[in-house]
Amino acid sequence: MGGAMLTGWLAQGLDPKRVVVIEPHPSDEIKALQGIRLNPTPKDAGEVDTLVVAVKPQSFREAGAALKAFAGSSTLVVSIMAGIPIAALYAVVGGSVVRAMPNTPAAIGRGITVAVAAKKVSATQRGIADALLRATGSVEWVDKESLMDAVTAVSGSGPAYVFLLAEELARAGVAAGLPEQLATRLARETVAGSGELLHRSELSSATLRQNVTSPGGTTAAALEVLMGSDGLEKLMTRAVAAATQRSKDLAK
């Protein structure tokens, strides 16, 4: 995710010479970026205006201690880690903290990020954070940090649910007699196309669904199963609740 965001910033004109990347195991893509400074010492890096923390939450304690040397009292610290609260970020890294949760469509500029700022974050710093996050898609700000666990469960983890839908739709197509390659293509294009229609349309998702559904037709037969008492509504509620709880657990 950090690499996807960096690619977006560079594509929008950020001077690579202003970028420092701290990554013990940099990917080939990061190594190929021209002009950035990779793994300098804090002294060589100089004053850091903005620090983006993009590590796995399980690695935060170890990585955060190393990043503390790069953050001054006036440094804007933007975290895109799941579960790690503002208080923990401030205690380990310091600076003025913005906690954000993007999602993987950020890699193609179609992500959505939800962010919450600590009280000491200035209006200017919030504007900088907004500009950085908006380089990869839409941005929503919330005032209550307690909402971030549910945000993580819905939009942060959400792309995986959509990919699973495509995966299972293809599998069901094969079970119904379609060749695997055709079923996979039909499922991928249907999910992608429906997502784009939802993006472009001003109609609600419920209305778009109803527009596809003729009374007594094939879609209605399928929806009777998906919307049954043990159908998608209960499954999705349980799934989001599980992801929300896991986000809370990561903060401990």
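Since this is a predicted model, take the numbers as computed values, not measurements. Numbers here are sequence positions counted from 1.
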Listing, residues 40-66 side-chain donor-acceptor contacts under 3.5 Å, not counting sequence neighbours, or none:
| from | atom 1 | to | atom 2 | distance (Å) |
| --- | --- | --- | --- | --- |
| Thr41 | OG1 | Asp44 | N | 3.1 |
| Thr41 | OG1 | Asp44 | OD2 | 3.2 |

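- If you take OG on Ser247 and CE on Met148, they are separated by 8.0 Å, rounding to the nearest 0.5 Å.
- The number of heavy atoms from other shown groups lying within 6.0 Å of NZ (Lys120) is above 12.
- In the hydrophobic clustering of this structure, Phe163 does not group with Val191; members are Ile, Leu, Val, Met, Phe, Trp, Tyr whose side-chain heavy atoms approach within less than 4.5 Å, directly or through other members.
- Annotation for Leu133 and Ala115: closest pair CD1-CB, 4.0 Å, computed over non-hydrogen atoms.
- Taking 4.5 Å as the limit, some side-chain heavy atom of Glu145 sits within range of a side-chain heavy atom of Pro85.
- The CZ atom of Arg209 lies 6.5 Å from the CG atom of Leu223; values are rounded to the nearest 0.5 Å.
- Judged by distance alone, with hydrogens and angles left aside, the side-chain atoms of Ser79 form a donor-acceptor pair with the main-chain N or O of Met81 at under 3.5 Å.
- Salt bridge Asp149/Arg99: present, at least one basic N to carboxylate O contact under 4.0 Å.
- Annotation: Asp143, atom CG; neighbour count of heavy atoms from other residues, nucleotides and ligands within 6.0 Å does not exceed 12.
- The closest side-chain heavy-atom distance from Ser122 to Ser96 is not below 4.5 Å.
- Between the CG atom of Leu132 and the CG atom of Leu6 there is a distance of 10.5 Å, given to the nearest 0.5 Å.
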Next on the checklist: Quick one, Glu140 with Ile112, criterion side chain to side chain contact (heavy atoms under 4.5 Å, CB included). Give me CA distance, side-chain angles, the key distance, then yes/no.
Outcome noted: CA-CA 8 Å; Glu140 297 286 341; Ile112 185 164; 4.3 Å; yes
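- Thr113 approaches Ala100 most closely through the heavy-atom pair CG2-CB, 3.8 Å.
- When hydrophobic clusters are built by joining Ile, Leu, Val, Met, Phe, Trp and Tyr residues whose side-chain heavy atoms come closer than 4.5 Å, directly or via intermediates, Ile80 is not grouped with Ile86.
- Considering all non-hydrogen atoms of both residues, Ile84 and Leu250 come closest at CD1-O, 3.7 Å.
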Item to check | Candidate pair Asp130 and Trp141, rule side chain to side chain contact (heavy atoms under 4.5 Å, CB included), full reasoning | outcome: CA-CA 9 Å; Asp130 187 84; Trp141 288 86; 2.8 Å; yes
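- Taken to the nearest 0.5 Å, the OG atom of Ser194 stands 7.0 Å off from the CG atom of Leu197.
- For the atom pair Met227 CE and Leu232 CG, the distance stands at 9.0 Å (nearest 0.5 Å).
- Residues Met5 and Ile36 fall within the same hydrophobic cluster, defined by Ile, Leu, Val, Met, Phe, Trp and Tyr side chains chained together at heavy-atom separations under 4.5 Å.
- Atom OH of Tyr161 has more than 12 heavy atoms from other residues, nucleotides or ligands within 6.0 Å.
- In this structure, the side-chain hydrogen bond (donor to acceptor under 3.5 Å, both in side chains) partners of Arg200, at least two apart in sequence or on a different chain, are Glu196.
- Val212 and Thr219 get closest at one heavy-atom pair: O-OG1, 3.7 Å.
- Taking CG of Asp28 as the reference point, atom CG of Leu33 lies at 11.0 Å (rounded to 0.5 Å).
- In terms of heavy atoms, Pro102 sits closest to Met1 at CG-CG, 3.8 Å.
- For Ser27 (side chain) and Ile30 (main-chain N/O), a donor-acceptor pair under 3.5 Å exists by modelled atom type.
- Cluster membership for Val20 and Leu38, using ILVMFWY side-chain heavy atoms within less than 4.5 angstrom, is not shared.
- Trp9 and Ile128 fall within a single hydrophobic cluster, where Ile, Leu, Val, Met, Phe, Trp and Tyr side chains are chained together by heavy-atom contacts under 4.5 Å.
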Pair up each side-chain donor or acceptor in residues 164-185 with any protein partner under 3.5 Å, not counting sequence neighbours, and list the distances.
| from | atom 1 | to | atom 2 | distance (Å) |
| --- | --- | --- | --- | --- |
| Glu168 | OE1 | Arg171 | NE | 2.6 |
| Glu168 | OE1 | Arg171 | NH2 | 3.4 |
| Thr184 | OG1 | Glu180 | O | 2.9 |

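- Not a single donor-acceptor pair under 3.5 Å links the side chain of Thr190 to the backbone N or O of Ala187.
- In terms of heavy-atom proximity, Ser201 sits nearest to Leu208 at OG-CD2, 3.8 Å.
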